[in-house]
Participant: 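Structure incoming, see below.
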Amino acid sequence: MSELYRIGLRESRDLLRSGDIRAEELTAACLARMDETEDALGALLARRDEDALEEARIVDTARAEGRIPSLEEAPLWGVPVVIKDAITVKGVPCTAGSHILENFVPPYDAFVVERLKKAGAIILAKANMDEFAMGSTTEHSAWRPTRNPWDVERVPGGSSGGSAASVASCQCAGALGTDTGGSIRQPAALCGCVGLKPTYGRVSRYGLLAYASSFDQIGPMTRSVEDAALMLGVISGYDKRDTTCLDAPVPDYMSGLFRRDLHGIRLGLPREFFGHEALDLGVKAACEEAMNCARSLGAELVEVSLPHTEYAVAAYYIMAAAEAGSNLARYDGVRYGHRADNPASLEDLYVRSRTEGFGEEVQRRILLGAYVLSSGYYDAYYRKAAQVRRLIRQDYDDALKLCDAMLAPVSPVTAWKLGEVHDPLQMYLMDIFTLSLNLAGLPGLSLPVGVSNGLPVGMQLMGRPLDEASLLNIGWTLSHELGTEGQAASFPR
Ligand code: GLN
């Protein structure tokens, strides 16, 4: 069978433009790859096979007639992508992994989807996820868990586990994920992909079903840094429909890549991360190898400190739950999705629709959110957490004065077995290395840096506000020297 499905975003783009491959054969190869792998992986929810093939044929016809849009106009012309199910695509069911939205078909495209379509990308499917992006394993999807293509007994990470598994198993050239507390970076790490969480406000959240609005960001998940740069350029930019979206110029993220050394670059190593007791030795060793590689490429490595790291998990889970409780109040059984049968009263309608529609983890967060915002507890929890958030941002600002970017582990361990972590608190603690970046609103790039016991290890580069370009440039150089890009493409063996 054709192995066309293995090619990434930039390469497919070039081969489609040059006419070396046709969009229909590429799309068909990805769809066949989905057929071959989906039973084992469960990475996808709604698929749009027929529409995708039709769109691909339109690209091929245009090409045959010599109507080829410029690279600026359509940088992803004919390129197949997958979208996390928290992001709306007009006319395609969108559930955010939840029963409460089981029949919801959005009448509009998210900003990022508008951008992808305008760029010529072909949307193949929606990706499975933890319900409303709450989770770190994709076991909390209301539909079915997603499995890790490296070992299907193991979790792919979460909450964008469907996007990560889809990219890692080469069902698509690239995908979109969302990151509220690590949900792009951590599944990317656990599946051996590249994942970029942009600066808060870099990418519009219009059309993203909200979890915790002051943290949520959409970003690319790909098999190479170059592809992440390409996709970020497409989805970034100002959108007045998201009032937190920044009106800042979008650099050409591709133009700074391809440097072979890291001379003149200072990389900070946060002491609280690398010295953390939860950090697995195999993960640490792979990160250390990457650090040595950075050093050998000319980078200067300096120790830095993020002194409030130990409070990040508590602050995040208080604030994110508070925001989630407010955001999810809109699912009332009246306006969208699931509605309980034969309600006895309005209250009964609310209570039963929500009880039936939301899963256990989501209910836990709503209760926690209501609690930390309730009078008498607001000052003790929510306000305190907000203060800690400010201190964490200050830590990052101070550390990033001493270096151009920081290096850190993403997940303390490699992918674990399904069902292995069942205590919610233990699960929350797994996010220790990703959450603080979201509290600070800063960009982070997760890169595959090696393998430990046969499972991929990711490392993240954390940077200054709106400095995604430096992370991508450094990430490109490092991953090329390490030879870790695209290492996930071997499933099924
Ligand atoms: N695991 C974290 C949570 O459950 C982060 C999830 C995310 O980034 N969406 O909140």
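Atoms within a ligand are numbered from 1 in the order they appear, just like the ligands themselves. Sequential numbering from 1 along the given sequence is applied to the chain's residues.
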Participant: Give the minimum heavy-atom separation between C172 and C30, together with the two atoms involved.
Facilitator: CA-SG, 4.2 Å
Participant: Which of the atoms of ligand 1 are close to S159, meaning less than 4.0 Å from one of its heavy atoms?
Facilitator: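 Those atoms are 9 (N).
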Participant: Which atoms form the tightest heavy-atom contact between I184 and P220, and what is the distance?
Facilitator: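 Shortest heavy-atom contact: CG2-O, 4.0 Å.
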Participant: Test side chain to side chain contact (heavy atoms under 4.5 Å, CB included) on I87 and I218; report intermediate values, then the result.
Facilitator: CA-CA 9 Å; I87 300 168; I218 300 169; 3.9 Å; yes
Participant: Hey, which atoms in ligand 1 end up nearer than 4.0 Å to a heavy atom of M134?
Facilitator: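 Here the atoms of ligand 1 in question are 4 (O).
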Participant: For A320, state whether at least one heavy atom is located under 4.0 Å from any atom of ligand 1.
Facilitator: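 Flag not set, A320 not near ligand 1.
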Participant: Counting from 1, what ligand 1 atoms have a heavy atom of S136 closer than 4.0 Å?
Facilitator: 1 (N)
Participant: Between Y428, Y211, F215, flag the one that comes closest to atom 10 (O) of ligand 1 by a heavy atom.
Facilitator: Y211
Participant: As an exercise, identify every atom of ligand 1 less than 4.0 angstrom from a heavy atom of G181.
Facilitator: 5 (C), 7 (C), 8 (O)
Participant: What is the closest protein heavy atom to atom 7 (C) of ligand 1, and at what distance does it sit?
Facilitator: S183 OG, 2.4 Å
Participant: Out of D130, D431, I184, whose heavy atom is nearest to atom 2 (C) of ligand 1?
Facilitator: D431
Participant: In the protein, what heavy atom is nearest to atom 3 (C) of ligand 1, and what distance, to one decimal place, separates them?
Facilitator: Y317 OH, 3.3 Å
Participant: Which residue, Y200, Y317, Y316, forms the ring-ring contact (aromatic ring centres under 6.0 Å, His included) with F215?
Facilitator: Y316
Participant: Taking only residues at least two apart or on different chains, which pairs with a member in residues 433-474 satisfy ring pair (Phe, Tyr, Trp, His ring centres under 6.0 Å)?
Facilitator: F273-F433, H276-F433
Participant: Counting only heavy atoms not in K117, do more than 12 sit closer than 6.0 Å to its NZ atom?
Facilitator: yes
Participant: Do any N/O atoms on Y316 end up under 3.5 angstrom from N/O atoms on ligand 1?
Facilitator: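 Yes, there is a polar N/O contact under 3.5 Å.
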Participant: So does A96 get a backbone contact from the side chain of D85, meaning a donor-acceptor N/O pair under 3.5 Å?
Facilitator: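 A pair under 3.5 Å: yes.
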Participant: If the cut-off is 4.0 Å to any non-hydrogen atom of A133, which atoms of ligand 1 fall inside it?
Facilitator: 6 (C), 7 (C), 9 (N)
Participant: What is the distance from atom CG of D179 to atom OG1 of T434, rounded to the nearest 0.5 Å?
Facilitator: 7.0 Å
Participant: With heavy-atom distances below 4.0 Å as the criterion, list the atoms of ligand 1 near R365.
Facilitator: 3 (C), 4 (O), 10 (O)
Participant: Check whether any N or O atom of L435, backbone or side chain, sits under 3.5 Å from an N or O atom of ligand 1, and answer yes or no.
Facilitator: no
Participant: Just checking F132 against Y331, ring centres under 6.0 Å apart?
Facilitator: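 Judged by ring-centre distance (under 6.0 Å), F132 and Y331 do meet the cut-off.
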